[in-house]
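Notes for the one structure printed next.
Below, all heavy atoms of this structure are taken into account, side chains as well, without hydrogens, waters or symmetry copies. Naming: A, B, ... by sequence-line order, numbering from 1 per chain.
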Protein chains: 2
Amino acid sequence: MVTNTEKPIKKILNKKDAPDVAAIVESIIGCKWSLHVLDQVRRGTNRPGAMVRQSKGLSTKVLNERLNKMLRFDILEKVSYPEVPPRVEYTLTNFGRRFVGVLDAIARLQEECISQQTGEKK
Amino acid sequence: MVTNTEKPIKKILNKKDAPDVAAIVESIIGCKWSLHVLDQVRRGTNRPGAMVRQSKGLSTKVLNERLNKMLRFDILEKVSYPEVPPRVEYTLTNFGRRFVGVLDAIARLQEECISQQTGEKK
DNA sequence: CCGTATCCCATAAGATACTG
DNA sequence: CAGTATCTTATGGGATACGG
C-alpha cells in the first residue's frame, strides 16, 4: 500500500499494470462529494439532475467533476439516451461494484463500533 | 453511510454515539500523507524523526498535522519518554487496529485486481 | 529530537451564467 | 436536462526557521 505523494491520474491509470487501488481510493475519497455520489448511484439515483436535486449544496460543476473522475477510474459508466430532452444514466462498472466493497468495509466497522458500544452499557 | 458536507471534527467526535467511521475515513484518507503515516506506524516506524527521514517530501509540519488528527480520532496513541534528547513513539490504539482493517480491504482489492489481470493473460 | 509558527502557492469547491 | 466556463474563496500542504 502507501501512496505518499499524490500521483497524477495518468500515472495511476498507466495500465498494463493493475490499477493502484490505494491511490484511487485516496483520490476519490479525498474529494468531498465522491462518497455521496457513489452512494446515490448505488441506490439507484443515477441521473445527474436527480442527484443535484437530492443533494443540498451540490452544484452541477462539482458533480460533473466527480462523475468524470470516476469515469476515468472506471468506477462508473455512462449511458446517454438519444432523446429530447436528453437523458443520461451513470452506473457502477464491475470494478466499481468491487470498489464500493471497500465502502462496505467502512460500514461494517461502523456497525461494530455501535454494537460494541451498546454492549458496553450493560 | 454518506458524508456529503464535511463535518467538523467536533461533530464527528460528539460522542455518546459511536464514532462516525465514514466521516473519519473521509477525514483521514482525504489528507495526503495519512495512509503513508499509518502504514509506517503499523510497520514499526513510529518515531517522528524516523518517519520524516524515510519519507521523501514529508515535512514535520504536515506530519504533525496528520499525527494530531489521528490522535484526536483515537486512531493513534502517543507515548513520550522523559529522556534527553526526547523520545516519542506513536502506536495504534484498539480502534486504530480495527481502522487499518479498512486499509486491508483496499489491499485485498488490489490483490484481486492484480491476480485477475495476470489471469486474463492466458 | 520533537513540535509549532509563517509565508506562499496550488487547488478543491461554491455560486452563477450560459450552450447544446 | 446535461454539461461547460468563469470567478472567488477557503484550505491543504510545501519550505523554512525557530523554540522546548
Side-chain angles (χ1 to χ4, degrees), chain A residues 3-10 23-38 40-41 45-73 76-91, chain B residues 3-10 25-38 40-41 45-73 76-91:
Chain A
T3 317
N4 45 22
T5 302
E6 173 103 40
K7 293 184 184 179
I9 295 186
K10 289 268 188 180
I24 293 177
V25 169
E26 213 171 66
S27 179
I28 292 300
I29 298 187
C31 294
K32 188 170 170 180
W33 286 92
S34 297
L35 286 186
H36 179 78
V37 170
L38 264 181
Q40 289 224 296
V41 171
T45 303
N46 56 4
R47 298 187 56 187
M51 294 189 218
V52 169
R53 253 175 281 121
Q54 293 182 18
S55 310
K56 182 73 180 173
L58 176 60
S59 70
T60 63
K61 169 181 165 273
V62 172
L63 173 60
N64 278 294
E65 284 171 2
R66 295 312 118 219
L67 290 174
N68 286 323
K69 199 164 193 172
M70 294 195 271
L71 286 175
R72 294 179 67 187
F73 280 135
L76 294 181
E77 202 159 49
K78 175 181 179 175
V79 182
S80 301
Y81 296 89
E83 304 172 356
V84 170
R87 181 162 61 101
V88 172
E89 289 180 4
Y90 289 85
T91 58
Chain B
T3 318
N4 45 23
T5 302
E6 173 101 42
K7 293 185 185 178
I9 294 186
K10 288 268 186 179
V25 169
E26 212 171 67
S27 179
I28 293 301
I29 299 187
C31 294
K32 188 169 170 180
W33 286 91
S34 297
L35 286 185
H36 179 77
V37 170
L38 265 180
Q40 290 222 295
V41 171
T45 303
N46 55 3
R47 298 186 57 184
M51 294 189 218
V52 169
R53 254 174 279 120
Q54 293 182 19
S55 310
K56 181 74 179 173
L58 176 61
S59 69
T60 64
K61 169 182 167 271
V62 171
L63 173 61
N64 279 294
E65 284 171 1
R66 297 310 118 220
L67 290 174
N68 286 323
K69 199 163 194 174
M70 293 195 271
L71 286 175
R72 294 179 66 187
F73 280 134
L76 294 181
E77 205 160 46
K78 175 179 178 175
V79 182
S80 300
Y81 298 89
E83 306 173 350
V84 170
R87 180 161 62 101
V88 172
E89 290 179 3
Y90 290 85
T91 57

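No contact: B:Y81 has no heavy atom under 4.0 Å from any strand. Using a 4.0 Å heavy-atom cutoff across all strands shown, A:P48 reaches sugar-phosphate atoms only and no base atom.
Contact check, A:N68 against D:dT4: a side-chain N or O comes under 4.0 Å of OP1 or OP2. Contact annotation: A:R47 reaches the phosphate of D:dA2 (side-chain N/O to OP1 or OP2, under 4.0 Å). In this structure, B:Y90 does not reach the C:dC2 phosphate: none of its side-chain N or O atoms is under 4.0 Å from OP1 or OP2. When the side-chain nitrogen and oxygen atoms of B:R66 are compared with OP1 and OP2 of D:dG12, none of them lie within a distance under 4.0 Å. A sub-4.0 Å separation between OP1 or OP2 of C:dG3 and a side-chain N or O of B:K78 is present. Within the structure, a side-chain polar atom (N or O) of B:W33 is placed less than 4.0 Å from OP1 or OP2 of D:dG14.
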With both pairing distances under 3.5 angstrom for Watson-Crick or G-U wobble, and | for a partner in another strand, the correct string for DNA chain C is |.||||||||||||||||||
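Side chain of B:S34 to backbone of B:I28: a donor-acceptor contact under 3.5 angstrom is found.
Side chain of A:T60, nearest nucleotide from C:dC1, D:dT4, D:dC1: D:dT4. Listed candidates were D:dC1, C:dA13, C:dG3. Nearest to the side chain of B:V88 is C:dG3. Closest to the side chain of A:K61, out of C:dG3, D:dG14, D:dT6, is D:dT6. Which of C:dA13, C:dG3, D:dA2 sits closest to the side chain of B:N64 comes down to C:dG3.
Of all heavy-atom pairs spanning A:V52 and A:L63, the tightest one is CG2-CD2, 3.7 Å. Contact between A:Q40 and A:Q54 at its shortest, heavy atoms only, is NE2-OE1, 3.4 Å. Between B:W33 and B:V62, the shortest heavy-atom distance links the atoms CD1-CG1, 3.7 Å.
Salt-bridge formation is detected for the pair B:E65/B:K61: a Lys NZ or Arg NE/NH1/NH2 atom is positioned less than 4.0 Å from an Asp or Glu carboxylate oxygen.
Atoms CD (B:Q54) and C1' (C:dC1) sit 16 Å apart, rounded to a whole Å. Distance B:E65 CD to C:dA5 C1': 11 Å, rounded to the nearest Å. Atom CG in B:L67 sits roughly 16 Å away from atom P in C:dC1 (whole-Å rounding). Put simply, CG on A:L63 is 16 Å from P on D:dA5, counting in whole angstrom units. Between the CD atom of A:E83 and the C1' atom of C:dG20 there is a distance of 16 Å, rounded to whole Å. Atoms CE (A:M51) and C1' (D:dC1) sit 13 Å apart, rounded to a whole Å. Atom-to-atom, CD of A:E89 to C1' of D:dC1 comes out at 13 Å; the value is rounded to the nearest Å. A straight line from CD1 of B:I29 to P of D:dG13 spans 13 Å, rounded to a whole angstrom.
Expressed to the nearest 0.5 Å, how far CD1 of A:I24 lies from CD1 of A:I29 amounts to 11.5 Å. The distance from the CD atom of B:E89 to the CG atom of B:L76 is 12.5 Å, given to the nearest 0.5 Å.
Residues A:P86 and A:L58 each lie close to DNA chain C; by heavy-atom proximity, the contact nearer the 5' end of the strand is made by A:L58.
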Can you check side chain to side chain contact (heavy atoms under 4.5 Å, CB included) on B:L58 and B:R66, steps first, answer last? CA-CA 11 Å; B:L58 176 61; B:R66 297 310 118 220; 5.9 Å; no
